[in-house]
Amino acid sequence: MDKAYNHALFEAKIYEMWEKSGAFSPSLPSTSHSTLRDEPSGSDSKSSGRRMPPFTIIMPPPNASDPLHVGHARFIAIEDILIRYHRMKGESTLWLPGADHAGIETQFVFERKLRVEGKSRFDYDRDTLYKMIWDDVQKNKSTMESQLRILGASCDWTRNKFTLDPEIIKIVYKTFKKLYDEGLVYRGERIVNYCPRCGTAYSQLEVDSVEREDNLYYLDYGTITIATTRPETIFADVAVAVNPNDARYKDIVGKTALLPLVERELPIIEDVLVDKDFGTGALKITPGHDATDFEIGQKHKLQIVSVIDEAGRMKNTPSKYVGMKVEEARQEVVKDLEAAGKIKKIEKIAHVVGLCYRDKGLIEPMLSKQWFIKITPLAKKALEAITKGQVKFVSERYEKIAKHWLKNLRDWNISRQIVWGIRIPAFRCDKCMKWTVTDGAEPVKCPSCGHDKFVQDPDTFDTWFSSGQWPYATLLSSSGISNKEKFEDYNYFYPTSVMETAYDILPFWVIRMIMLGLYATGDVPFRDVVIHGLVRDKEGQKISKSKGNVIDPIDMANKYGADAMRMGMVWGALVENDISLSEDNIRGQRNFANKVWNIARFVLAQPSSKAKKNDEDKKILKELKSTTSKVTKALDKYRLNEAAGEIYEFVWHKFADEYIEKSKDRREQAQKTLEFVLQESLKLIHPFMPFVSEVIWQEGKERFDSPILINASWPKT
RNA sequence: GGAGCCAUAGCUCAGUGGUAGAGCGUUCGCUUGACGUGCGAAAGGUCGUAGGUUCAAUCCCUACUGGCUCCACCA
């Protein structure tokens with residue numbers, strides 16, 4: 001053994017050895033009876049072999065189009081620690097890997113590449129574009145997967161899944177059809193958050209709100225003065241509304257106002273949504289371009305006028321503005337209003353506008369027909385499941401946040417106007433224009449009129465609609481090498497044990513998995529929810545490309561070893577909290593790996609021997625026992641930092657600094673204890689630092705109790 | 001406007017109803033035959049502020065101050 005541990009010499013080989021050994025695949029019960037897990041654990045089950053409880057984590061599928069970043073490294077470290085621990089405890093352990101097609105993200109990135117070549121998505125037909133993105137994604141997907149291997153993820157590659165696998169798509173279709181058939185999906189005309197540059201609508205969650213200063217224009221509408229930040233939309237006005245409790249306007253309600261420039265009469269109506277104290281207390285109602293106005297418009301059965309098209313240009317206005325971009329039109333309209341003497345006052349106000357989370361441009365509220373999921377019944381069940389403890393949030397504060405979300409959700413728009421994704425299986429009859437939803441195939445005959453020509457909705461599902469079904473979709477369609485029949489995975493491993501992911505996708509993903517899981521399977525998708533914090537830099541700053549403070553986990557793994565990188569991901573801070581990651585921290589963990597290596601070098605240099613135990617031996621064995629017990633408890637409570645700290649303290653300071661030092665006077669007598677404590681220490685270390693522990697194990701395996709550490713049994717407590 | 005979180009050693013963070021810990025950093029010693037990616041020792045905190053509960057609070061409660069994050073239709 002070399003004087004210093006050189007991770008680069010071993011890691012790839014060790015991973016290959018594990019993977020080839022089949023250690024990543026769960027060992028299943030020998031019988032293929034699908035409800036085995038539900039059998040009472042009576043004496044007869046013992047006779048048919050040792051029955052192992054399943055332990056399952058479905059990996060949050062990283063975007064297939066991106067390389068891993070340090071945020072991924074954290075979940076890989078956390079989940080792999082849990083997985084390796086449970087595997088060593090003898091449970092039938094499955095960590096199911098996958099990749100997400102990440103609809104909008106991926107198409108957005110791909111279009112940027114096209115732009116570099118002077119092309120755009122409009123240069124290709126749907127199928128060609130899809131094929132091009134598919135090929136591009138396949139390349140990146142394998143990069144991402146090899147990075148998972150570098151970091152030591154002991155996931156079952158024989159069950160690897162992609163959100164666009166045909167079998168996954170089938171399941172997603174089935175869920176959509178069920179929702180539709182049961183009246184939980186509707187096609188609605190709504191104000192959606194439309195990004196004219198991306199050419200698609202976004203869900204509420206994908207819009208960033210920023211405060212900015214704008215002009216608030218007080219416009220003379222004849223009988224009444226209104227205040228607006230968007231004078232260019234006045235041509236889409238259909239009414240003026242005031243608050244019913246506003247004494248100032250009592251007598252003019254029911255009369256009309258006069259729209260400037262085009263001299264159109266508008267009814268003056270009352271609605272409680274109008275704030276008396278804002279502006280003049282009179283609100284112009286523009287249902288085609290504002291969500292509140294749309295709501296008021298619906299209530300009062302007002303007409304809807306659109307004056308902005310999907311490219312963000314004016315339409316249905318006096319001809320001089322037609323074709324202008326919104327900002328340009330605003331200036332022109334203001335100029336004309338000014339000339340007509342209709343602007344009474346301009347003041348600056350700070351208000352909140354929506355920005356596209358992709359390109360940070362302005363979101364245009366637009367009227368559009370999209371598919372929506374009625375969220376209330378789903379959310380109610382999810383809330384119940386959390387309250388009853390069927391799904392447990394390990395951290396109380398994330399439970400609060402999840403509940404808060406579930407109580408405040410609105411209907412979920414699942415249509416996206418992009419090609420990269422799962423195309424919505426809705427077909428409109430050419431003749432009667434009615435929609436038919438199928439489980440994928442084009443219908444033969446229109447159920448309404450019997451016609452046989454259809455047009456499929458060109459839209460695709462929101463990515464989260466498919467990833468929201470991930471736990472059951474993966475298991476329903478997987479079997480792996482260890483299992484011959486599909487559905488057996490589902491029967492055995494569902495509901496999964498733990499969902500582990502970052503808090504920033506709690507509302508996008510976690511609560512939707514609970515809702516859809518309950519809906520589609522009748523059971524929760526997972527028992528425990530472990531939410532981890534984000535990785536920040538040394539100064540606690542959020543890591544982002546623009547700040548230039550990115551830490552590439554693969555670089556770090558190359559430089560200091562995957563073990564050090566992983567340990568750095570859980571060291572020092574609770575899983576649920578953000579961590580500040582510095583290279584110093586990772587280097588410190590590299591030093592620990594080296595310490596372990598040198599302990600082994602010392603112990604393994606001496607031949608095995610037998611001797612009577614003295615007090616020093618008894619003491620270290622007692623400390624080992626107490627450490628094992630603390631580590632086990634900490635791991636069961638997902639307190640990984642605590643577990644890591646205990647191991648570090650014991651191995652370095654108790655075992656190396658104290659016991660080994662004292663043993664030098666009595667090497668032969670101590671050898672047996674040295675070997676035993678080393679063996680048990682390696683087991684404790686293994687979930688955290690799998691490579692160095694396995695390398696050492698292989699160096700001295702004839703002295704240890706298992707041929708391969710990954711399959712060794714967890715120390716007794 | 002709402003919601004959640006945080007405030008402990010120079011830095012990053014653990015922690016407990018009975019007067020505080022780690023890693024890194026710093027200082028001073030160490031060519032001990034596993035390791036200088038190391039060994040030994042040390043300095044360094046009135047645990048944000050003000051009240052309250054308690055025999056006792058850094059830990060529980062209230063208010064305040066400062067910071068972070070998320071949500072929200074005030075045009």
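Letters A, B, ... are given to chains in the order of the sequence lines, protein chains preceding strands, and every chain is numbered from 1.
A/His653 comes within contact range of the sugar-phosphate backbone alone, with a heavy-atom separation under 4.0 Å but no base atom that close. Within 4.0 Å of A/Ala573, counting heavy atoms only, lie sugar-phosphate atoms of the nucleic acid but no base atom. A/Phe592 comes within 4.0 angstrom of no nucleic acid atom, judged by non-hydrogen atoms across all strands. A/Trp597 comes within 4.0 angstrom of nothing in the nucleic acid, heavy atoms only. Among the atoms of the strands shown, none is found under 4.0 Å from any heavy atom of A/Asp277. At the heavy-atom level, A/Arg639 lies under 4.0 Å from the strands shown only through sugar-phosphate atoms. Contacts of A/Asn577 with the nucleic acid, taken as non-hydrogen atoms under 4.0 Å apart, involve only primed sugar atoms and P, OP1 or OP2. As judged by a 4.0 angstrom heavy-atom cut-off over every strand, A/Leu574 is placed among residues touching the sugar-phosphate backbone only. Counting non-hydrogen atoms under 4.0 angstrom, A/Glu649 reaches nothing in the nucleic acid. At the heavy-atom level, A/Ala593 lies nowhere under 4.0 Å from the strands shown. Residue contacts shown for A/Asn585 are absent, as no nucleic acid heavy atom lies under 4.0 Å away.
No cation-pi contact links A/Lys344 to A/Tyr218, judged by a cut-off of 6.0 Å to the six-membered ring centre and 45° from its axis. Both cation-pi conditions hold for A/Arg190 and A/Phe372: the charged atom is under 6.0 angstrom from the six-membered ring centre and inside a 45 degree cone around its axis.
Looking at the side chain of A/Arg397, the nearest of the listed nucleotides B/G4, B/C35, B/C73 is B/G4. Listed nucleotides: B/G40, B/C24, B/A75. Nearest to the side chain of A/Leu283: B/A75. Checking B/A75, B/C35, B/C70 against the side-chain heavy atoms of A/Asn594 singles out B/C35 as nearest. Of the candidates B/U69, B/A34, B/C24, the closest approach to any side-chain atom of A/Lys664 belongs to B/A34. Between B/G38, B/A34, B/C74, one nucleotide has an atom nearer to the side chain of A/Asn591 than all others, and that is B/G38. Set against B/C24, B/A34, B/C71, the side chain of A/Trp405 has B/C71 as its closest nucleotide. Set against B/G23, B/C68, B/C5, the side chain of A/Lys400 has B/C5 as its closest nucleotide. Side-chain proximity of A/Arg590 to the nucleotides B/A75, B/U37, B/C35 is greatest for B/U37. With B/A34, B/A22, B/G38 as the candidates, the nucleotide lying closest to the side chain of A/Phe602 is B/A34. Of the candidates B/C68, B/A75, B/A22, the closest approach to any side-chain atom of A/Phe278 belongs to B/A75.
The phosphate of B/C39 (OP1 or OP2) has a side-chain N or O of A/Trp652 nearer than 4.0 angstrom. Between A/Arg410 and the phosphate of B/C73, there is a side-chain N or O to OP1/OP2 separation shorter than 4.0 Å. Applying the 4.0 Å criterion to OP1 and OP2 of B/G4, one finds that A/His404 has every side-chain N and O outside that range.
Side-chain N/O atoms of A/Lys595 and base N/O atoms of B/C35 include a donor-acceptor pair closer than 3.5 Å. No N or O donor and acceptor, one from the side chain of A/Glu646 and one from the base of B/A22, sit under 3.5 Å apart.
Taking atom P on both nucleotides, B/U53 is separated from B/G45 by 31 Å, rounded to a whole Å. Comparing B/U46 with B/U12, their C1' atoms are spaced 23 Å from each other, to the whole Å. B/C64 sits 28 Å from B/C11 when the P atoms are compared, rounded to a whole Å. Taking atom P in both B/G2 and B/A43, the straight-line distance is 49 Å, to the nearest Å. Between the P atoms of B/U69 and B/A50, the separation comes to 28 Å (whole Å). B/G36 and B/G29: their C1' atoms are spaced 14 Å apart (whole Å). Taking atom C1' on both nucleotides, B/G67 is separated from B/G25 by 24 Å, rounded to a whole Å. Distance check on atom P: B/C61 versus B/G4 gives 14 Å, rounded to whole Å.
Although no hydrogens or angles enter the test, the distance criterion places no donor-acceptor pair under 3.5 Å between the side chain of A/His686 and the main chain of A/Glu694. Under the 3.5 Å distance criterion, the side-chain polar atoms of A/Arg330 are left unmatched by any main-chain donor or acceptor of A/Glu232.
Remark: A/Glu646 does not engage A/Lys633 in a salt bridge, criterion side-chain N to carboxylate O under 4.0 Å. A salt bridge is defined here as a Lys NZ or Arg NE, NH1 or NH2 lying under 4.0 Å from an Asp or Glu carboxylate O, and A/Arg536 with A/Asp578 meets this definition. Ion pairing of A/Lys403 with A/Glu399 is present here, as a side-chain N (NZ or NE/NH1/NH2) and a carboxylate O approach within less than 4.0 Å. With respect to A/Glu658 and A/Lys619, a salt bridge is recorded, a charged nitrogen being found less than 4.0 Å from a carboxylate O.
Here B/A3 presents its P atom at 16 Å from CD of A/Glu396, a figure rounded to the nearest Å. Taking atom CD1 of residue A/Ile505 and atom C1' of nucleotide B/U69, one finds them 16 Å apart after rounding to whole Å. Atom pair A/Ile401:CD1 and B/C70:P shows a separation of 11 Å (rounding to whole Å applied). Atom CD1 in A/Ile579 sits roughly 21 Å away from atom P in B/A22 (whole-Å rounding). Here B/C6 presents its P atom at 15 Å from CG of A/Leu534, a figure rounded to the nearest Å. For A/Asp578 and B/C5, the CG to C1' distance is 10 Å, given to the nearest whole Å. A/Leu506 has its CG atom 19 Å from the P atom of B/A3, to the nearest Å. The CD1-C1' distance, from A/Ile191 to B/A72, rounds to 17 Å in whole Å.
Between A/Ala600 and A/Asp537, the residue whose closest nucleotide on RNA chain B is further toward the 5' end is A/Asp537. Comparing A/Arg601 and A/Ala282 along RNA chain B, the residue whose closest nucleotide (by nearest heavy atom) sits nearer the 5' end is A/Arg601.
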Dot-bracket notation for RNA chain B, counting Watson-Crick and G-U pairs under 3.5 Å, with | for partners on another strand | (((((((..((((.......)))).(((((.......))))).....(((((.......))))))))))))....
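For the 3.5 Å distance criterion, the side chains of A/Glu327 and A/Gln331 fail to qualify, holding no donor opposite an acceptor.
Side chains of A/Val253 and A/Ile269 form no contact here, defined as non-hydrogen atoms less than 4.5 Å apart.
The nearest pair of heavy atoms linking A/Arg566 to A/Gly152 is NH1-O, 3.6 Å.
With A/Trp597 as the fixed residue, the ring pair (Phe, Tyr, Trp, His ring centres under 6.0 Å) test singles out one of A/Phe10, A/Phe602, A/Phe592: A/Phe10.
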